[in-house]
2 protein chains.
Amino acid sequence: MLTADLVILTIRDGTLCLLVVERGNEPFRGCLALPGGFLRGDESIGETAARELSEETGVDAEELHLQQVGVYSAPDRDPRSPRVVTCAHLAIAPGLPLPSAGSDARAAQWLPISEALELRDGLAFDHDEILRDALELARAGLQFSTIATAFCSPEFTISDLREVYECVWDVELDRSNFHRKVTEAEGFVVPTGRRRSTVNGRPAALYRAGDATSLSPPMMRPSR
Amino acid sequence: MLTADLVILTIRDGTLCLLVVERGNEPFRGCLALPGGFLRGDESIGETAARELSEETGVDAEELHLQQVGVYSAPDRDPRSPRVVTCAHLAIAPGLPLPSAGSDARAAQWLPISEALELRDGLAFDHDEILRDALELARAGLQFSTIATAFCSPEFTISDLREVYECVWDVELDRSNFHRKVTEAEGFVVPTGRRRSTVNGRPAALYRAGDATSLSPPMMRPSR
DNA sequence: ACAAAAGTGTTTTCCCTACACCCATGA
DNA sequence: TCATGGGTGTAGGGAAAACACTTTTGT
């Protein structure tokens, strides 16, 4: 029995949030859990994850970042059966609307990461461990890859991108130096020529994600 | 059906080598493949990998570095059945003796990486892809983690460690600067106080691996 | 004109590289 | 004492941090 579980992250109102669903069945009925589903006979595990992602968020997985976190296979991780193995995936999405507690009757909601990590009873199964591992992966990924753009809409400003780094790393970055690094890194962002007006201040230039997947030189996370 | 396949790397005579076995059964009979085996009911996939590793190399997996590479689950990856999913692992070992073509009658051998990547017919199944991914992981890992010490014996010299980086990255590094970086990085290596005499030259101080698992500042791989 | 946010320049600091040099040993 | 590899010192270049400054908008 192989399942794909999803750690779906997004940024809402300057806060890093996780998509959780409330379980309708035993075990862990009423408990919060990561969305997920079973591998079908004709698909790869990546396709399973992509399918679940689009079912949960309504977003086509083509555009989003989706990556394996790891396999979780402790024999007692699922009380029903010793052999439910899950392959956890990390999905990064731009700000999405509150998911409708949809057809499958599962209440889905965005939960700030800080709350998700401090739930009284934790998440169902070993999902706490999965979440911690996925978060670590996302944080490290920002340094060496261009996945940060996956948190942004197709068109974004440099400040949008900086907000991603600041939310995920929980740090503050220097505006000027960030701007320089990002615009000078080859293939990270490409200017679209358009601008976005804000309530006050000079309108910011809009960019879209570039071709590069790895970021060099890396954007090092401040040591403390 | 879940299996664990192993990319076991070691350094022999200054060359990065891979442990391969010759398949005794169809499919891919006579073809070279990565060692691996099936998940048992009472173990996690990590335990499966550790068990296979010690069966193949005779080394207890406690000491070695073992890490998941990813899940390979394309429906057609195994001609026998659409549902043989494998979780590939990367194992890093200090120089080991030539494995004896042992009890299970499979001829095992160390193959230089350069040859493994250029086999006329490739490795069995999707093991070429797995090897490339695992290699990439190892190369990247050297930059940000302390896994390089896993290639070395319990006690090693700084030159031993430098050889690891040079073999895996296929570059030459400056002796002095490498020495400084490694000895100054907190928790990477600890001096044992002992020394190793060589045929000529000053004896080198011996070190053992430190507590740290992540390496900061990172050891950046030269761009070219 | 002013506030606010975007974006640019400039200085300072720090790290990495390159390479010269000293150290300890065997022959 | 010479050859060989281990290990340390140091000057110079380049990148990043810190921060002052200019630009462009809405009100």
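Lettering of chains follows the sequences in order, A, B, ..., and the numbering in each one begins at 1. Quick note: numbers below take in every heavy atom, side chains included, and nothing from hydrogens, waters or symmetry partners.
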Taken to the nearest whole Å, CD/Glu172(A) to P/dC19(D) is 13 Å
Would you list the protein and nucleotides 10-16 of chain D atom pairs, both N or O, that sit under 3.5 Å from each other?
unit_1	atom_1	unit_2	atom_2	d
dT10(D)	O4	Arg180(B)	NH2	3.4

In Å and rounded to the nearest 0.5 Å, what is the OG1 to CG distance from Thr157(B) to Asp160(B)?
3.0 Å
Within the 4.0 Å heavy-atom criterion, would you say Ser176(A) contacts the bases, only the backbone, or no part of the nucleic acid?
base
Rounded to whole Å, please give me the gap between CZ in Arg195(A) and C1' in dG26(D).
15 Å
In a check of ring pair (Phe, Tyr, Trp, His ring centres under 6.0 Å) between Phe178(B) and each of Trp169(B), Phe188(B), Tyr165(B), which one passes?
Tyr165(B)
Rounded to whole angstroms, how far apart are NE2 on His179(A) and P on dT23(D)?
15 Å
Closer to the 5' end of DNA chain C via nearest nucleotide, is it Ser197(B) or Met220(B)?
Met220(B)
5' priority, DNA chain D, between Gly201(B) and Ala205(B) [closest heavy atom]
Gly201(B)
With a 3.5 Å cut-off and heavy atoms only, can you find an N or O donor on one side and an acceptor on the other between the side chain of Arg175(B) and the base of dG6(D)?
yes
Side chain to side chain contact (heavy atoms under 4.5 Å, CB included) partner of Ile130(B), chosen from Leu90(B), Leu123(B), Thr86(B):
Thr86(B)
Which residue in the set Arg208(B), Arg194(B), Arg195(B) passes salt bridge (Lys or Arg N to Asp or Glu O under 4.0 Å) when paired with Glu155(B)?
Arg194(B)
Inspect the contact between Glu47(B) and Arg51(B) and indicate whether a charged nitrogen and a carboxylate oxygen are less than 4.0 angstrom apart.
no
Looking only at side-chain N and O atoms, does Asp133(B) offer a donor or acceptor that is under 3.5 Å from a partner on Tyr72(B)?
yes
So, taking the atom named CG in Leu9(B) and the one named SG in Cys167(B), what distance separates them when rounded to the nearest 0.5 Å?
11.5 Å
For Arg202(B) and dG6(D), what is the distance between atoms CZ and P respectively, to the nearest whole Å?
10 Å
Donor-acceptor pair, Gln143(A) side chain versus Arg221(A) backbone, under 3.5 Å?
yes
Span of DNA chain C, from the first to the last nucleotide whose atoms fall under 4.0 Å of chain A heavy atoms:
dA4(C) to dT10(C)
When rounded to whole Å, the CZ to C1' distance for the pair Arg196(A) and dT24(D) reads 17 Å
How far does CD1 of Ile92(B) sit from CG of Leu142(B), to the nearest 0.5 angstrom?
7.0 Å
